[in-house]
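Throughout, residue positions are numbered sequentially from 1 according to the sequence presented.
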Amino acid sequence: MNGPCSGLWQQKHFALSLLKSSNKLSTVNHLKSLHVYLLRTGLHHSSFAVGNFITHCASLGLMSYAAQLFDQMSEPNSFVWNTLIRGFQQNHAPKYTLYYFDQMRANNVQPDRFTYPFAIRACSGLLEFAKGVSLHGQVVKIGVNFDVFVGTSLVDFYTAMGDLNMTKRVFEELPEKDEVTWYAMLSSYVNKFNDMGKARELFEKIPCKDLVIWHTLILGYVKAGDLELAKKYFDEAPVKDLLMYNTILGCLAKNGDVECLLRLFHEMPCRDLVSWNTVIGGLVRDGRINEAMRFFYEMERVNLSPDNVTLAGLLSACAQAGALVTGKWLHSYIDRRCSELNAVIGTALVDMYCKCGDLGSAADVFNKMSERDVVAWSAMIMGSSMNGQSRTALNFFYRMKDESERPNDATILGVLCACVHAGLVDEGKKCFYGMSEEFGLTPKLEHYGCMVDLLGRAGLLDEAYSLIQSMPYEPHTGAWGALLGACKIHGNVELAENAIEHLIQLDLEDGGYLAIMSNIYANAGRWEDVSKVRKLMKEKGIGKSRGISSIEVNGVIHEFGVQEKKHPQSREIYDMIDEIYRRLKRAGHVASTREVFFDVEEEEKEKALFFHSEKMAVAFGLIATDKTTIIRVVKNLRICPDCHAAMKLISASFEREIVIRDRHRFHHFKNGVCSCRDYW
């Protein structure tokens, strides 16, 4: 065949062959070129050609372009209408789905079993209950309500509407159910109605369970917090994919079952970054920092690059343990691989340096960050506060406001903590009472607790008590605990007794408050009351929390408890404790024994004090590091008065800088002086 007709036929053939192809129309330009062919050949009036063209538009997200071509057709058939409606629904445009569905009916084209599923799903997405019920009526009228695709879409619709009875009714009336239908019903029980009992019953009835079905049930039990059943069905699953393994890993990590977490990790046939991050995160939460770092090194060995989650988690671990050496190594690792610090890693570095007591490095990182959000500012402010640099913290806060960054609750908490540590009562009051008016923030329990602490430490005990009484919330342990601590500082036994009554009602399990009350009585010489408190603690099985201190040496975390001899160098540590004791005696140190159990001989009291965990950690630091190294110790409890006094003398006698982070703040000891200026 020759001539114009032959050329037109060839163009039509070429256009149709392109339309049938699934991989040759991958760009907008390809579609535009094909559109030209359709116009030249008259195929833009062909339902087959236009329907397939719309399918390609839908795959590229170009539904507005598809609609333009559709609108040029004089009489599109149901195939073209269905393709257009399906395309809009697949591209998450439910309003247009329903618009063209209504237009289809207005043009006297009867929707069919291929039309209704997409229209019904559009109603689900838009929560159009009345419209969806109307569509249900229409499918019943034309007799397609028992079609598996229509029925499944109705199951999804009534699930979205929260109508469990109709969901079950539609499901049970379906004569045939495929995997998608079973999944829709199972998902409704698991994700919408939170009924794992019904989900389990349905699961047992499913004739052919694929991976998606197993996933859905297991995730349901994870969501419900039932690790035992989640693990049971995981073990029973005939096939397990990576997602399923990672789901259970995450569950084990969240529940703190680290041994099972490690065992499952090593059983996995393959692992991805999520797997590694989960096990590292689990170890970090369990305080097993050394192991977490070993897994990180192993990641490197298998050529798996860490992401923000990995690095932020490890930096958080270093922050928890005060592991500055490891934290600095991670920082250099990040610098080698990243040209610019993002907000997540930058903030994690700031937090790590602050919590390791290296405020200078924290400020350097902060100032180099190209983008600083409220979390970064809050970390810098709180970090400065913790390290006793209250004026620095306030200056960062003023700078933050100058740069038009809006503070949040955590920012204000950091500012108030700074005021607490330096006794800045006026600044603290201005911040607290101005947070609502200036920033639109409502003071939370934590803010009230800080204000009670600020007023109490400054000796304004009556004002602190009045603030507690005026709180719009039920006062919490933080507020009453702060008042109790202030009563201990200022020797107010009567108000302390009031505070301890409330604390016992709120938290009977915390022996720390009773220990403080015992010390308040001891300081007042009320030994009979001391005995009563100790007896109460014994009767209730309440003990003072065990003091633990840790120190990092050469990238390894070493932990010490009171008078422990578990460390391989315990003999050398005890010899150093003796040397410290001799030097303190020569310097005129008198042990502060008033807060040690009163029924112990004075000599034994002194001995007990010298083997407190922070002294053990410092002794190890003295023998394990050179004279230029700052000794950095992290303690889980508040440092006691005797250890605080001793550390000042140790720093002078051994000419060593000592940094101790207790549960409240940092103490930087240098040349016989502490950064807190004894206001703590």
Asp462, CG atom: more than 12 neighbouring heavy atoms under 6.0 Å: no

Non-hydrogen side-chain atoms of Ser436 and Leu441 separated by less than 4.5 Å: no

Residues that Glu463 engages under side chain to side chain donor-acceptor pair (under 3.5 Å), provided they are two or more places apart: Lys429

Atom pair CD1/CD1 of Ile334 and Ile345 - distance to nearest 0.5 Å: 5.0 Å

Criterion side chain to side chain contact (heavy atoms under 4.5 Å, CB included) on Phe620 and Val553, from CA distance to verdict: CA-CA 9 Å; Phe620 177 64; Val553 175; 3.6 Å; yes

ring-ring contact (aromatic ring centres under 6.0 Å, His included) involving Phe397 - partner list, sequence neighbours excluded: none

Donor on one side chain, acceptor on other, Thr347 and Arg372, under 3.5 Å: no

Distance (rounded to the nearest 0.5 Å) between Phe669 CZ and His667 NE2: 6.0 Å

Flag, side chain of Arg638 to backbone of Asp662, donor-acceptor distance under 3.5 Å: no

Short side-chain to backbone donor-acceptor contact, Ser385 and Ala418, under 3.5 Å: yes

Contacts of type ring-ring contact (aromatic ring centres under 6.0 Å, His included), residue His447, not counting sequence neighbours: none

Pairwise side chain to side chain donor-acceptor pair (under 3.5 Å) hits with a residue in residues 386-399, at least two apart: Asn367-Arg399, Asn387-His668, Arg391-Glu427, Arg399-Glu403

Selection residues 611-623 - residue pairs positive for salt bridge (Lys or Arg N to Asp or Glu O under 4.0 Å), sequence neighbours left out: Glu614-Lys635, Lys615-Asp642

Pairs meeting criterion salt bridge (Lys or Arg N to Asp or Glu O under 4.0 Å) with involvement of residues 519-528, two or more places apart: Glu497-Arg526, Arg526-Asp529

Approximate separation, where rounding is to 0.5 Å, of Ile381 CD1 and Leu394 CG: 8.5 Å

Side chain to side chain donor-acceptor pair (under 3.5 Å) involving Lys401 - partner list, sequence neighbours excluded: Glu438

Side chains of Met576 and Phe654 in contact at under 4.5 Å (non-hydrogen atoms): yes

Aromatic ring pairing Trp329/Phe296, orientation class (parallel under 30°, perpendicular over 60°, tilted between): perpendicular

Sequence neighbours excluded - salt bridge (Lys or Arg N to Asp or Glu O under 4.0 Å) pairs with any residue from residues 666-680: Lys648-Asp678

Residue pair Asn408 / Thr411, side-chain donor-acceptor N/O under 3.5 Å: yes

Set of ring-ring contact (aromatic ring centres under 6.0 Å, His included) partners for Tyr465, sequence neighbours left out: none

Ser378 side chain to Ala410 backbone, donor-acceptor under 3.5 Å: no

Test log, rule side chain to side chain contact (heavy atoms under 4.5 Å, CB included), inputs Ile551 and Val618: CA-CA 8 Å; Ile551 180 172; Val618 167; over 6 Å; no

NZ/Lys368: more than 12 non-hydrogen atoms of other groups inside 6.0 Å: no

Note: Asp578-Arg582 ion pair, threshold 4.0 Å (strictly below): no

Separation between CD of Glu371 and CG of Asn342, rounded to the nearest 0.5 Å: 8.5 Å

Residue pair His558, His567: steps toward the side chain to side chain contact (heavy atoms under 4.5 Å, CB included) verdict: CA-CA 8 Å; His558 301 260; His567 197 277; 3.0 Å; yes

Beyond-backbone contact of Lys532 with Tyr521, side-chain heavy atoms, under 4.5 angstrom: no

Cys354 side chain near Met382 side chain, heavy-atom distance below 4.5 Å: no

Any donor-acceptor pair under 3.5 Å from Asn290 side chain to Ile557 backbone: yes

Any donor-acceptor N or O pair under 3.5 Å, side chains Tyr353, His331: yes

Validation row, ring centre Tyr679 to ring centre His421 under 6.0 Å: no

Lys355 and Arg661, any side-chain heavy atoms less than 4.5 Å apart: yes

Crowding at CG, Asn554 (>12 non-hydrogen neighbours, <6.0 Å): no

Phe366: partners by ring-ring contact (aromatic ring centres under 6.0 Å, His included), with sequence neighbours left out: Trp377, Phe396

CG on Leu536 to CG on Leu514, rounded to 0.5 Å: 5.5 Å

Side-chain heavy atoms of Ile631 within contact of Glu657, under 4.5 Å: no

Pairing residues for Ser404 by the side chain to side chain donor-acceptor pair (under 3.5 Å) criterion, not counting sequence neighbours: none

No-hydrogen, no-angle side-chain donor-acceptor test under 3.5 Å, Glu552 and Thr326: yes

Lys NZ or Arg CZ of Arg406 over Phe439 ring: under 6.0 Å, within 45°: no

Side-chain heavy atoms of Leu445 within contact of Tyr448, under 4.5 Å: no

Trace of the side-chain hydrogen bond (donor to acceptor under 3.5 Å, both in side chains) decision for Thr625 with Arg656: CA-CA 10 Å; Thr625 62; Arg656 298 292 297 270; 2.7 Å; yes

Spatial distance of atom CD1 (Ile500) from atom CD (Gln505) [nearest 0.5 Å]: 11.0 Å

Side-chain (His612) to main-chain (Cys640) donor-acceptor, under 3.5 angstrom: no

Heavy-atom side-chain proximity of Ile548 to Ser613 below 4.5 angstrom: no

Pairs involving residues 309-319, ordered by first then second residue, that meet side chain to side chain donor-acceptor pair (under 3.5 Å) (sequence neighbours left out): Asn277-Thr310, Asp307-Thr310

